[in-house]
Amino acid sequence: MGRPRRLDRAFYARTATEVAPELLNKVLVTPNGTGRIVEVEAYEGADDPGSHGFRGPTPRTEVMFGPPGRLYVYFTYGMHWCANVVCAEPGQCSAVLLRAVEPLVGIEAMRARRPRAQRDRDLTNGPAKLCAALDIGEADKGLNLLRAERGITVVDDGVGALKRPERTTRIGLSAGADLRLRWYVPDSPWVSRR
DNA sequence: ACCGGGATGTTCT
DNA sequence: GAACATCCCGGTG
(Lines give C-alpha, C1' and ligand atoms only; values in the text may rest on other atoms or scores of the structure.)
Protein backbone atom coordinates (compact mmCIF):
# COMPACT_ATOMS: atom_id res chain seq x y z
CA MET A 1 0.00 0.00 0.00
CA GLY A 2 1.67 3.17 -1.22
CA ARG A 3 1.30 6.76 -0.20
CA PRO A 4 -2.25 8.09 -0.54
CA ARG A 5 -2.83 9.61 -3.98
CA ARG A 6 -5.27 12.41 -4.65
CA LEU A 7 -7.93 11.55 -7.23
CA ASP A 8 -7.25 13.46 -10.44
CA ARG A 9 -9.31 15.17 -13.13
CA ALA A 10 -9.47 12.06 -15.29
CA PHE A 11 -11.07 10.13 -12.46
CA TYR A 12 -13.90 12.64 -12.12
CA ALA A 13 -14.35 13.45 -15.82
CA ARG A 14 -16.79 10.59 -16.44
CA THR A 15 -20.48 10.18 -15.72
CA ALA A 16 -21.49 10.01 -12.08
CA THR A 17 -22.88 6.57 -12.77
CA GLU A 18 -19.38 5.40 -13.66
CA VAL A 19 -17.61 7.31 -10.91
CA ALA A 20 -19.94 6.51 -8.03
CA PRO A 21 -19.09 2.82 -7.46
CA GLU A 22 -15.39 3.61 -7.82
CA LEU A 23 -15.58 6.20 -5.05
CA LEU A 24 -16.36 3.41 -2.59
CA ASN A 25 -13.30 2.68 -0.43
CA LYS A 26 -11.73 6.02 -1.30
CA VAL A 27 -11.02 8.41 1.57
CA LEU A 28 -12.62 11.81 2.11
CA VAL A 29 -10.00 14.07 3.68
CA THR A 30 -10.82 17.30 5.53
CA PRO A 31 -9.04 19.44 8.12
CA ASN A 32 -11.62 18.21 10.61
CA GLY A 33 -11.28 14.48 10.07
CA THR A 34 -11.19 11.78 7.44
CA GLY A 35 -13.51 8.94 6.52
CA ARG A 36 -13.67 6.03 4.12
CA ILE A 37 -16.54 6.39 1.64
CA VAL A 38 -18.96 3.48 2.07
CA GLU A 39 -22.17 4.72 0.40
CA VAL A 40 -22.84 6.95 -2.62
CA GLU A 41 -25.57 7.90 -5.09
CA ALA A 42 -25.23 9.09 -8.69
CA TYR A 43 -27.26 12.05 -9.98
CA GLU A 44 -27.27 12.77 -13.68
CA GLY A 45 -28.79 15.72 -15.50
CA ALA A 46 -31.46 15.87 -18.17
CA ASP A 47 -32.19 12.12 -18.02
CA ASP A 48 -32.62 12.06 -14.25
CA PRO A 49 -35.78 13.58 -12.74
CA GLY A 50 -34.30 13.04 -9.28
CA SER A 51 -31.41 15.40 -9.94
CA HIS A 52 -31.35 19.02 -8.84
CA GLY A 53 -30.05 19.74 -12.33
CA PHE A 54 -32.93 18.08 -14.16
CA ARG A 55 -34.38 21.39 -15.38
CA GLY A 56 -31.08 23.00 -16.21
CA PRO A 57 -28.66 25.18 -14.27
CA THR A 58 -29.80 27.68 -11.64
CA PRO A 59 -27.75 29.77 -9.21
CA ARG A 60 -28.08 26.92 -6.74
CA THR A 61 -26.99 24.13 -9.08
CA GLU A 62 -24.55 25.76 -11.49
CA VAL A 63 -21.59 24.05 -9.81
CA MET A 64 -22.96 20.70 -10.99
CA PHE A 65 -22.69 21.90 -14.59
CA GLY A 66 -19.14 23.13 -14.21
CA PRO A 67 -15.75 21.40 -14.27
CA PRO A 68 -15.25 18.01 -12.61
CA GLY A 69 -13.63 17.59 -9.23
CA ARG A 70 -15.56 20.38 -7.47
CA LEU A 71 -17.77 20.05 -4.42
CA TYR A 72 -21.48 20.69 -4.90
CA VAL A 73 -22.84 21.53 -1.46
CA TYR A 74 -26.54 22.18 -0.94
CA PHE A 75 -28.79 23.12 1.96
CA THR A 76 -31.97 21.13 2.49
CA TYR A 77 -34.94 20.84 4.83
CA GLY A 78 -33.99 24.19 6.31
CA MET A 79 -31.30 22.59 8.43
CA HIS A 80 -28.92 20.24 6.70
CA TRP A 81 -25.95 20.45 4.36
CA CYS A 82 -25.13 17.66 1.93
CA ALA A 83 -22.09 17.26 -0.33
CA ASN A 84 -21.59 15.93 -3.85
CA VAL A 85 -18.52 15.38 -6.00
CA VAL A 86 -19.02 16.94 -9.44
CA CYS A 87 -18.33 14.64 -12.40
CA ALA A 88 -18.19 14.78 -16.22
CA GLU A 89 -17.03 17.54 -18.52
CA PRO A 90 -18.13 21.18 -18.15
CA GLY A 91 -21.61 21.75 -19.56
CA GLN A 92 -22.88 18.39 -18.42
CA CYS A 93 -24.69 17.84 -15.15
CA SER A 94 -23.40 14.88 -13.15
CA ALA A 95 -22.55 14.46 -9.49
CA VAL A 96 -22.12 11.85 -6.79
CA LEU A 97 -23.77 12.37 -3.41
CA LEU A 98 -21.63 11.23 -0.49
CA ARG A 99 -24.09 9.37 1.72
CA ALA A 100 -21.94 7.68 4.36
CA VAL A 101 -18.33 7.34 5.48
CA GLU A 102 -16.50 5.24 8.05
CA PRO A 103 -14.60 7.55 10.40
CA LEU A 104 -10.85 7.02 10.23
CA VAL A 105 -9.22 10.09 11.78
CA GLY A 106 -10.71 12.65 14.14
CA ILE A 107 -13.53 10.56 15.56
CA GLU A 108 -13.38 12.37 18.89
CA ALA A 109 -14.02 15.70 17.16
CA MET A 110 -16.83 14.10 15.16
CA ARG A 111 -18.48 13.00 18.40
CA ALA A 112 -18.27 16.60 19.61
CA ARG A 113 -19.93 17.90 16.42
CA ARG A 114 -22.65 15.24 16.55
CA PRO A 115 -23.68 15.34 20.21
CA ARG A 116 -26.99 13.58 19.55
CA ALA A 117 -25.38 10.49 18.07
CA GLN A 118 -25.74 7.78 20.70
CA ARG A 119 -23.49 5.27 18.93
CA ASP A 120 -20.40 5.86 16.81
CA ARG A 121 -22.13 4.19 13.88
CA ASP A 122 -24.60 7.10 13.86
CA LEU A 123 -21.89 9.74 13.47
CA THR A 124 -21.58 9.68 9.69
CA ASN A 125 -24.21 7.25 8.31
CA GLY A 126 -26.18 9.79 6.30
CA PRO A 127 -25.38 12.61 3.86
CA ALA A 128 -26.17 15.40 6.32
CA LYS A 129 -24.67 13.56 9.25
CA LEU A 130 -21.27 13.24 7.60
CA CYS A 131 -21.29 16.92 6.65
CA ALA A 132 -22.05 17.86 10.24
CA ALA A 133 -19.40 15.49 11.58
CA LEU A 134 -16.76 16.93 9.24
CA ASP A 135 -18.05 20.52 9.37
CA ILE A 136 -18.77 20.73 5.64
CA GLY A 137 -21.18 23.53 4.76
CA GLU A 138 -21.80 26.77 2.96
CA ALA A 139 -18.15 27.85 2.98
CA ASP A 140 -17.27 24.75 0.96
CA LYS A 141 -19.60 25.34 -1.99
CA GLY A 142 -17.77 24.82 -5.26
CA LEU A 143 -14.35 24.17 -3.77
CA ASN A 144 -11.76 22.44 -5.91
CA LEU A 145 -10.97 18.91 -4.73
CA LEU A 146 -8.19 18.57 -7.31
CA ARG A 147 -6.19 21.22 -5.45
CA ALA A 148 -7.38 20.23 -1.98
CA GLU A 149 -8.86 23.66 -1.56
CA ARG A 150 -9.73 24.41 2.09
CA GLY A 151 -7.90 21.17 2.88
CA ILE A 152 -10.69 19.03 1.44
CA THR A 153 -10.07 16.31 -1.14
CA VAL A 154 -10.55 12.62 -1.89
CA VAL A 155 -7.61 10.21 -1.96
CA ASP A 156 -6.93 6.61 -2.89
CA ASP A 157 -4.99 4.99 -0.07
CA GLY A 158 -4.50 1.73 -1.95
CA VAL A 159 -7.25 -0.31 -0.36
CA GLY A 160 -8.65 -0.94 -3.83
CA ALA A 161 -12.04 -0.91 -5.48
CA LEU A 162 -14.84 -3.20 -4.40
CA LYS A 163 -15.30 -6.35 -6.43
CA ARG A 164 -19.02 -6.49 -5.78
CA PRO A 165 -20.57 -3.30 -4.44
CA GLU A 166 -24.23 -3.55 -3.46
CA ARG A 167 -26.49 -1.65 -5.88
CA THR A 168 -30.02 -0.39 -5.09
CA THR A 169 -32.46 2.44 -5.75
CA ARG A 170 -31.72 5.83 -4.21
CA ILE A 171 -33.06 6.99 -0.85
CA GLY A 172 -35.46 9.80 -0.08
CA LEU A 173 -36.64 10.66 -3.60
CA SER A 174 -40.05 10.85 -5.20
CA ALA A 175 -39.01 11.55 -8.80
CA GLY A 176 -36.49 9.09 -10.17
CA ALA A 177 -37.08 6.66 -7.32
CA ASP A 178 -36.96 3.68 -9.66
CA LEU A 179 -33.41 4.29 -10.89
CA ARG A 180 -30.82 2.03 -9.27
CA LEU A 181 -28.08 4.59 -8.76
CA ARG A 182 -27.08 3.89 -5.15
CA TRP A 183 -24.03 1.83 -4.24
CA TYR A 184 -22.66 0.80 -0.86
CA VAL A 185 -20.11 -1.44 0.78
CA PRO A 186 -21.78 -4.73 1.70
CA ASP A 187 -21.52 -5.59 5.38
CA SER A 188 -20.25 -2.15 6.37
CA PRO A 189 -21.81 -1.06 9.68
CA TRP A 190 -21.32 2.54 8.60
CA VAL A 191 -23.91 2.47 5.78
CA SER A 192 -27.06 4.55 6.33
CA ARG A 193 -29.38 1.64 5.77
CA ARG A 194 -29.81 -1.62 4.01
C1' DA B 1 -38.88 -3.50 15.36
C1' DC B 2 -41.85 -0.09 12.70
C1' DC B 3 -44.34 4.20 11.96
C1' DG B 4 -45.73 9.19 12.18
C1' DG B 5 -44.79 13.83 12.70
C1' DG B 6 -42.06 18.13 13.78
C1' DA B 7 -38.11 21.09 12.96
C1' DT B 8 -36.48 24.58 9.80
C1' DG B 9 -35.47 27.81 5.47
C1' DT B 10 -34.46 27.88 0.51
C1' DT B 11 -36.17 27.14 -4.06
C1' DC B 12 -39.43 26.78 -7.36
C1' DT B 13 -44.44 26.88 -9.06
C1' DG C 1 -47.97 27.51 -1.15
C1' DA C 2 -45.65 23.11 -1.86
C1' DA C 3 -41.75 20.40 -2.10
C1' DC C 4 -37.55 19.20 -0.34
C1' DA C 5 -31.22 14.00 -2.35
C1' DT C 6 -32.84 14.74 6.18
C1' DC C 7 -32.70 13.83 10.92
C1' DC C 8 -34.55 13.12 15.43
C1' DC C 9 -37.87 11.81 18.82
C1' DG C 10 -41.72 9.63 20.78
C1' DG C 11 -45.48 6.45 20.06
C1' DT C 12 -46.85 1.49 19.56
C1' DG C 13 -46.10 -3.77 19.22
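In what follows, chains carry the letters A, B, and so on, assigned in the order in which the sequence lines appear, proteins first and then strands, with residues in each chain numbered from 1.
- C:dA2 and B:dG6 have their P atoms separated by 15 Å, with the value rounded to a whole Å.
- Taking only side-chain atoms of A:Pro127, from C-beta outward, the nucleotide of C:dT6, C:dC4, B:dG9 with the closest atom is C:dT6.
- Less than 4.0 Å separates DNA chain C from at least one heavy atom of each of the following residues of residues 93-118 of chain A: A:Leu97, A:Arg99, A:Arg114, A:Arg116.
- With A:Tyr43 as the aromatic partner, A:Arg170 meets the cation-pi criteria of under 6.0 angstrom to the ring centre and within 45 degrees of the ring axis.
- Residue A:Glu39 forms a salt bridge (Lys or Arg N to Asp or Glu O under 4.0 Å) with just one option from A:Arg99, A:Lys129, A:Arg193, and that option is A:Arg99.
- Taking atom CD of residue A:Glu138 and atom P of nucleotide B:dT10, one finds them 9 Å apart after rounding to whole Å.
- Counting only Watson-Crick or G-U wobble pairs whose defining distances are both under 3.5 Å, the stems of 3 or more consecutive pairs in DNA chain C are B:1-7 with C:6-12, B:9-12 with C:1-4.
- In this structure, the side chains of A:Trp190 and A:Thr124 come closer than 4.5 Å at one or more pairs of heavy atoms.
- A donor-acceptor pair is defined here as one N or O able to donate and one able to accept, closer than 3.5 Å; such a pair exists between the side chain of A:Arg36 and the backbone of A:Asn25.
- Closest to the side chain of A:Tyr77, from the set C:dC7, B:dT10, B:dT8, is B:dT8.
- Distance A:Leu123 CG to C:dC8 C1': 15 Å, rounded to the nearest Å.
- Between A:Glu22 and A:Arg14 there is a salt bridge, since a side-chain N of the basic residue sits under 4.0 Å from a carboxylate O of the acidic one.
- Look at A:Tyr43 and the base of C:dA5; the rings stack, centres closer than 5.5 Å and planes less than 30° apart.
- Residue A:Arg170 contributes atom CZ, which lies 16 Å from atom C1' of C:dT6 at whole-angstrom precision.
- Here A:Thr58 reaches the OP1 or OP2 of B:dC12: one of its side-chain N or O atoms lies under 4.0 Å away.
- Residue A:Arg194 qualifies as enclosed at atom CZ: its count of foreign heavy atoms under 6.0 Å is above 12.
- Panel note: side chain A:Thr169, backbone A:Asp178; no donor-acceptor pair is recorded below 3.5 Å.
- Taking atom CD of residue A:Glu44 and atom P of nucleotide C:dA5, one finds them 16 Å apart after rounding to whole Å.
- Closest to the A:Asn84 side chain, of the nucleotides B:dT13, C:dA5, C:dC7, is C:dA5.
- Between A:Arg60 atom CZ and B:dC12 atom P the separation is 7 Å, expressed in whole Å.
- A tilted orientation is assigned to the rings of A:Phe75 and A:Trp81, their planes being inclined by 30° to 60°.
- Comparing B:dG9, C:dT6, B:dT13 against the side chain of A:His80 picks out C:dT6 as the nearest.
- Remark: P of C:dT6 and CG of A:Asp122 are 16 Å apart, rounded to the nearest angstrom.
- When each of B:dT10, C:dC7, C:dC4 is scored by its nearest atom to the side-chain atoms of A:Lys129, the top-ranked nucleotide is C:dC7.
- The separation between A:Ile171 atom CD1 and C:dC7 atom C1' is 13 Å, rounded to whole Å.
- Because its NZ or CZ atom is not both nearer than 6.0 Å to the ring centre of A:Phe11 and within 45° of the ring axis, A:Arg9 does not count as a cation-pi partner of that residue.
- Summarising the local packing, CZ of A:Arg111 is surrounded by more than 12 heavy atoms from other residues, nucleotides or ligands at distances under 6.0 Å.
- The nucleotide whose nearest atom lies closest to any side-chain atom of A:His52 is, among C:dA5, B:dT10, C:dC8, C:dA5.
- Mapping A:Ala175 and A:Asn125 onto DNA chain C by nearest heavy atom places A:Ala175 closer to the 5' end of the strand.
- Atom pair A:Tyr74:OH and B:dG9:P shows a separation of 18 Å (rounding to whole Å applied).
- Contacts of A:Gly172 with the nucleic acid, taken as non-hydrogen atoms under 4.0 Å apart, involve only primed sugar atoms and P, OP1 or OP2.
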